Amino acid sequence: MAEATSSRIVITVLGKNRPGIVAAITRVLGEANVDIRDITQSIIDDIFTMTMLADMAAASLDFTELQERLAHTGDEIGVEVQVQREDVFNFMYRL
């Protein structure tokens with residue numbers, strides 16, 4: 001079970017809403033063979049937010065390469081993209 005958890009990541013996207021945000025982020029994940037396990041998004045007064053849970057078990061990139069590629073894509077489309085390992089995310093946000 002620990003092995004499955006260690007390959008899971010949390011991706012958060014935040015920025016001004018515009019067409020193509022979901023497409024750009026999911027394209028990077030698809031090209032890297034990252035499996036999207038869950039996704040939620042909302043738009044509040046033109047502010048776009050998206051949180052994804054994904055699995056990197058079969059990914060063609062390592063964690064750092066994926067972080068860099070997603071950050072670069074975010075810069076290109078004008079949103080902030082953060083990627084954290086699920087266990088780190090859970091530790092940071094535990095109640």
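Quantities reported herein were computed from a predicted structural model and do not represent experimental measurements.
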* Shared ILVMFWY cluster between Ile39 and Val28, side chains joined below 4.5 angstrom? -> yes

* Consider only side-chain heavy atoms of I, L, V, M, F, W and Y, link residues closer than 4.5 Å, and tell whether Leu14 and Ile77 are in one cluster. => no

* To do: Determine whether Thr26 and Ile36 make a side-chain contact, defined as any pair of heavy atoms from C-beta on separated by less than 4.5 Å.
  => yes

* For the side chain of Ser60 and the backbone of Ala32, is there at least one donor-acceptor N/O pair under 3.5 Å apart? -> yes

* **Min side-chain heavy-atom separation Thr12-Met52 under 4.5 Å** => no

* Spatial distance of atom CG (Leu61) from atom CD (Glu31) [nearest 0.5 Å] -> 9.5 Å

* Structure fact -> Heavy atoms of Val79 and Gly15 approach each other most closely as CG1-CA, 4.0 Å

* **Flag if over 12 foreign heavy atoms under 6.0 Å of CZ, Arg18** => yes

* Asked: Would you say the side chain of Leu70 lies within less than 4.5 Å of the side chain of Ile11, judging by non-hydrogen atoms?
  -> yes

* Are Ile47 and Val22 connected in the hydrophobic side-chain network, where two residues link if heavy atoms are under 4.5 Å apart? -> no

* Kindly say whether Ala58 contributes a backbone atom to a donor-acceptor pair with the side chain of Asn33 at under 3.5 angstrom? => yes

* Please confirm whether the backbone N or O of Asp62 pairs with a side-chain atom of Glu65, one donor and one acceptor, at under 3.5 Å? => yes

* To do: Please say whether the positively charged group of Arg85, taken as NZ for Lys or CZ for Arg, lies over the ring of Phe63, i.e. under 6.0 angstrom from the six-membered ring centre and within 45 degrees of the axis.
  => yes

* **For Ala57 against Ser7, the heavy-atom pair lying closest together** => N-CB, 3.7 Å

* Asked: Can we say Arg8 and Asp55 salt-bridge, meaning some charged N sits less than 4.0 Å from an Asp/Glu carboxylate O?
  -> no

* Are side-chain heavy atoms of Leu66 and Leu29 found at a separation under 4.5 Å? -> yes

* Structure fact -> dist Asn17:CG -> Gln41:CD (nearest 0.5 Å) comes out at 8.0 Å

* Asked: Any sub-3.5 Å donor-acceptor pair from Gln84's side-chain atoms to Val10's backbone N or O?
  -> no

* Could you tell me the separation between the CD1 atom of Ile43 and the CZ atom of Phe48, rounded to the nearest 0.5 Å? => 6.5 Å

* **Steps toward side chain to side chain contact (heavy atoms under 4.5 Å, CB included) verdict (Val13, Glu80)** => CA-CA 6 Å; Val13 181; Glu80 181 181 332; over 6 Å; no

* Asked: What's the verdict on side-chain hydrogen bond (donor to acceptor under 3.5 Å, both in side chains) for Glu68 and His72, showing C-alpha distance, side-chain angles and the deciding distance?
  -> CA-CA 6 Å; Glu68 291 170 355; His72 177 73; over 6 Å; no

* **Audit row: Thr51, Thr40, side-chain hydrogen bond (donor to acceptor under 3.5 Å, both in side chains) steps and yes/no** => CA-CA 5 Å; Thr51 304; Thr40 183; over 6 Å; no

